[in-house]
Peer 1: 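Take a look at the following structure, please.
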Amino acid sequence: MSLVATRFAPSPTGPLHIGGVRTALFNWLFSKNKKGKFYLRIEDTDKERSQDEYKDQIIQSLRWIGIQHDEKEYIQSKNINKHKEIAEELLKKSFAYKCYCSEEEINEQKAKAKKAGIPFTYNRKWRDPKDLEIPKNIKPVVRFKSKISGNSIVNDLVQGEINISNSTIEDFIVLRNDGSPTYQLSAVVDDHLMNISHVIRGDDHKINTFKQKQIYEAMKWKLPEFAHIPLIHSTSGKKLSKRDNASTLVDYIKIGILPDALRNYLLRLGWSYKDKEIFTLEESIQLFNLSGIGKSPSKLDMDRILSINEHYIKNIDEKKLYEMLKVYSEKYKKKIDNKYEKNLINSIYFLKNKAKKLEDIYENAQYILNDNIQISSEDIKLLDEPSKIILKDFLNEYEKVSKKNKNNLEKIIKKLIDKHKTNFKGIGQPLRIALTGSKFGPAIYDILLSLDKNEVVKRLKIIK
RNA sequence: GGUCCCAUCGUCUAACGGUUAGGACAGGUGGUUUUCAAUCACCCAAUCGGGGUUCGAUUCCCCGUGGGACCGCCA
């Protein structure tokens, strides 16, 4: 069996789309499963819209989620001369022809077709130019001579057999009037040159396959296998658009989704393996296959993403989780001050239990990360006179404690419960408000142990 | 409009002719708990409609309905 090689071929015209991430993931998993290669090809032949910064961003994004491409990334624009050569060859072998229709002429035809309510297809005017005079002022485009009759079949590894009437494929352009190659040509030439064995891409490319197949056949090149994966839809069921605010990878990174969690979620979106929900990286490589991919589009579900993320937050190594939080905070929130680092590290074990995303940990840790805590006017009312007396008593006992540990703290609280004829809540509630500024939060002992002694004293003394 | 594709709980999906149609997320109820969570137990919830084929259809075929993709000198 020949080597499996897949590629991810985004155009660097914007931040990486979440659907693109999944396409990349599937390509990567498939090739790794087959012990093959995975390449990254930047399709930057649209000079107007392509930007270098996006190229770098794409590479970084893939790296973030754990996808590493083999070799150096291919830059499509660097291969343009080769694409042109192939176009010349197609021309020479009369698989293609020059079309001298002006843009105006084509637009006119389009308008006419629209008016008549029929679909526009180029009328193949220059396919047989024997009675036509070549206009001098028009630079021609090169069109591929598509098959006119019969049917074409593609055996798609996901979609199954797709049968299409050749008459519906127009004579598509392979070279623009400035001599530059179009996507249909460039993609085929590059895939061939890169020895791509499996083209795994979005459903939206399905019809292109029938154009591209004809180029392969004309050049007598070996056709790769095709697998068109269903698109991801927004919650509303429409194609995911940039306006959906959860359409690009960074949208997820900035709320604190973990790479493994997103990888796991994306893997299970449109693909399944029995009843299994959680896949380690190794498992996903081992178990991934094309036959597990469903045929219908799937909707993005933030609840599920959060739920998987929560799972990873709870199960990941705490040191790693802290490192991620640190990077996350600096990039999207506020850099964690060195002086709080130790207390934060020691608190991760309980902070992570209340979090679905890094953002939650960050927010719940605010009482550790700020010396000046704010108590809302609502909560300050809960600190009534009896509560304040309890707090004062607690402070007295607390200051006497030589060693800050749970055991000693328990003793104090028990003593106060007896003395004030109250329950744990009667002491815990005011303490929590005084120390964190909120009536919701971590367990009392956790809070007490997560702050330095002088800080606890300071916060309690403020309450008058 | 034309071409192509798709259709199981609200969502992601399992069941590749025989299951009380399973799991997960979300939702609900209760237990546990110093708050909020978390956690545990239980519950609710689906085969788009109509015809066939078959002893038997979620599964195969046809029609309808619904949804989607494509129809650029973008990729």
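To find a chain, count down the sequence lines: A is the first, B the second, and so on, and within it residues start at 1.
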Peer 1: Keeping to residues at least two apart or across chains, list the ring pair (Phe, Tyr, Trp, His ring centres under 6.0 Å) pairs with something in residues 139-179 of chain A.
Peer 2: A/F144-A/F172
Peer 1: Please classify the nucleic acid contact of A/H205 as base, sugar-phosphate, or nothing, using heavy-atom distances under 4.0 Å.
Peer 2: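 Base contact.
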Peer 1: Would you mind telling me which of B/rU13, B/rG22, B/rC73 lies closest to the side-chain atoms of A/D275?
Peer 2: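 The listed nucleotide nearest to A/D275's side chain is B/rG22.
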Peer 1: Output all residues satisfying ring-ring contact (aromatic ring centres under 6.0 Å, His included) with A/Y252, sequence neighbours left out; order by chain, then residue number.
Peer 2: none
Peer 1: Which nucleotide, B/rA26, B/rC73, B/rA24, lies nearest any side-chain atom of A/K110?
Peer 2: B/rC73
Peer 1: Would you measure the distance from the C1' atom in B/rA45 across to the matching atom in B/rG28 and give it in whole Å?
Peer 2: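 Their C1' atoms lie roughly 11 Å apart.
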Peer 1: Say whether A/Q366 and A/N370, considering side chains only, have a donor N or O and an acceptor N or O under 3.5 Å apart.
Peer 2: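 Judged by distance alone, the side chains do pair up.
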Peer 1: Tell me the interatomic distance from A/I305, atom CD1, to B/rA26, atom C1', rounded to whole angstroms.
Peer 2: 13 Å
Peer 1: Scan A/G270 against the nucleic acid and name what it touches under 4.0 Å (heavy atoms): base, sugar-phosphate only, or nothing.
Peer 2: sugar-phosphate
Peer 1: Applying a 4.0 Å non-hydrogen cut-off, can you work out what A/Q159 is touching in the nucleic acid: base, sugar-phosphate, or nothing?
Peer 2: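 If one applies the 4.0 Å heavy-atom cut-off, A/Q159 turns out to touch the sugar-phosphate alone, with no base involved.
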Peer 1: Using a strict threshold of under 4.0 Å (side-chain N to carboxylate O), is an ion pair present between A/K84 and A/E88?
Peer 2: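 Result for this pair is no, no salt bridge flagged.
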Peer 1: For the P atoms, the ones on B/rC62 and on B/rC6, what distance do you get once it is rounded to whole angstrom?
Peer 2: 11 Å
Peer 1: OP1 or OP2 of B/rU11 sitting under 4.0 Å from any side-chain N/O of A/K299?
Peer 2: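 Yes, A/K299 has a side-chain N/O under 4.0 Å of OP1/OP2 on B/rU11.
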Peer 1: Measuring from the side chain of A/Y445 (C-beta onward, heavy atoms only), which nucleotide among B/rA75, B/rG68, B/rU34 has the closest atom?
Peer 2: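 From the listed options, B/rU34 comes nearest.
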Peer 1: For A/I207 and B/rG2, give me the distance from atom CD1 to atom C1', rounded to whole Å.
Peer 2: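 The distance from CD1 of A/I207 to C1' of B/rG2 comes to 11 Å, rounded to the nearest Å.
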Peer 1: With nearest nucleotides of RNA chain B determined for A/N163 and A/E170 from heavy-atom distances, which residue corresponds to the more 5′ nucleotide?
Peer 2: A/N163
Peer 1: Let's see if you can work this out: which of B/rC73, B/rC12, B/rA75 has an atom nearest to the side-chain heavy atoms of A/N177?
Peer 2: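 The closest nucleotide is B/rC73.
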Peer 1: At their closest point, which heavy atom of A/I285 faces which heavy atom of A/W28, and how far apart are they?
Peer 2: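 Between these two residues, the closest heavy atoms are CD1-CH2, 4.1 Å.
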Peer 1: Please state how far atom NZ in A/K276 lies from atom P in B/rA15, giving the value in whole angstrom units.
Peer 2: 16 Å
Peer 1: Is there a side chain to side chain contact (heavy atoms under 4.5 Å, CB included) between A/M219 and A/H192 once you walk through the steps?
Peer 2: CA-CA 10 Å; A/M219 294 304 298; A/H192 170 73; over 6 Å; no
Peer 1: Strictly by Watson-Crick or wobble contacts shorter than 3.5 Å, is anything paired with B/rC55, and which nucleotide is it?
Peer 2: B/rG18
Peer 1: If we count only N and O atoms by modelled type, under 3.5 Å, do the side chains of A/S167 and A/S165 hold a donor and an acceptor together?
Peer 2: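 Their side chains do contain a donor-acceptor pair, which is all the 3.5 Å distance test asks for.
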Peer 1: Write down the distance between CD (A/E277) and P (B/rA14), rounded to a whole number of angstrom.
Peer 2: 11 Å
Peer 1: Checking side-chain polar atoms at under 3.5 Å, does A/R268 have a donor or acceptor matched by the opposite partner on A/S298?
Peer 2: no
Peer 1: Report the nucleotide, chosen from B/rA7, B/rC25, B/rU13, that has the shortest atom-to-atom distance to any side-chain atom of A/S296.
Peer 2: B/rA7
Peer 1: For nucleotides B/rC9 and B/rC5, find the distance between their P atoms and express it as a whole number of Å.
Peer 2: 23 Å
Peer 1: For A/T45, which contact category applies under a 4.0 Å heavy-atom criterion: base, sugar-phosphate, or nothing?
Peer 2: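 The answer is sugar-phosphate, as A/T45 gets under 4.0 Å only of primed atoms, P, OP1 or OP2.
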Peer 1: Is it the case that A/R7 places NZ or CZ above or below the six-membered ring of A/Y74, under 6.0 angstrom from the centre and within 45 degrees of the axis?
Peer 2: no
Peer 1: Hey, is the side chain of A/D301 pairing donor to acceptor with the base of B/rC12 inside 3.5 Å?
Peer 2: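 Absent.
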Peer 1: Could you encode protein contacts along nucleotides 35-50 of chain B as a string, one character per nucleotide from 5' to 3', using B for base contact, S for sugar-phosphate-only contact and - for no contact, with a heavy-atom cut-off of under 4.0 Å?
Peer 2: BBBS------------
Peer 1: Can you tell me how far P of B/rG27 sits from CZ of A/R304, to the nearest Å?
Peer 2: 13 Å
Peer 1: In whole angstrom, give the distance that lies between atom NZ of A/K211 and atom P of B/rC71.
Peer 2: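 Distance, rounded to whole Å: 7 Å.
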Peer 1: Which of these nucleotides, B/rA75, B/rA14, B/rC73, is closest to any side-chain atom of A/V141?
Peer 2: B/rC73
Peer 1: Between B/rU3 and B/rU11, how far apart are the C1' atoms? Round to whole Å, please.
Peer 2: 30 Å
Peer 1: Report yes if a side-chain nitrogen or oxygen of A/S272 is closer than 4.0 Å to either non-bridging phosphate oxygen (OP1 or OP2) of B/rA14; otherwise report no.
Peer 2: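 The answer is yes; a side-chain N or O of A/S272 sits under 4.0 Å from OP1 or OP2.
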Peer 1: Quantified in whole Å, what is the C1' atom distance between nucleotide B/rC42 and nucleotide B/rU58?
Peer 2: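 After rounding to an integer number of Å, I get 28 Å for this pair.
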Peer 1: In Å, rounded to the nearest 0.5 Å, how long is the span from CZ of A/R432 to CD1 of A/I444?
Peer 2: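 The CZ atom of A/R432 sits 4.0 Å away from the CD1 atom of A/I444.
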Peer 1: Which base, if any, makes a Watson-Crick or G-U wobble pair with B/rG2, both distances under 3.5 Å?
Peer 2: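 B/rG2 is paired with B/rC70.
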Peer 1: For B/rU29, give its Watson-Crick or G-U wobble partner with both distances under 3.5 Å, or none.
Peer 2: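 B/rA41 is the nucleotide pairing with B/rU29.
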Peer 1: Using heavy-atom distances to pick each residue's nearest nucleotide on RNA chain B, tell me which of A/R143 and A/I164 is more 5'.
Peer 2: A/I164
Peer 1: Quote, to the nearest angstrom, the P distance that separates B/rG22 from B/rC43.
Peer 2: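 Between the two P atoms, the distance is 12 Å.
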Peer 1: Searching all strands shown, indicate the nucleotide that pairs with B/rA24 (Watson-Crick or G-U wobble; both distances under 3.5 Å).
Peer 2: B/rU11
Peer 1: Write down the distance separating the P atoms in B/rG23 and B/rA15, rounded off to the nearest Å.
Peer 2: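 Straight-line distance between the two P atoms is 15 Å.
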Peer 1: Take atom C1' in B/rU8 and the same atom in B/rC48, then report the distance between them in whole Å.
Peer 2: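 These two C1' atoms come out 10 Å apart once rounded.
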Peer 1: What's the CG-P distance between A/N208 and B/rC73, to the nearest Å?
Peer 2: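 These atoms are roughly 12 Å apart.
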Peer 1: Roughly, in whole Å, what's the span from NE2 in A/H233 to P in B/rA7?
Peer 2: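 Answer to the nearest Å: 13 Å.
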Peer 1: For B/rA75, take OP1 and OP2 only and decide whether either is under 4.0 Å from a side-chain N or O of A/T13.
Peer 2: no
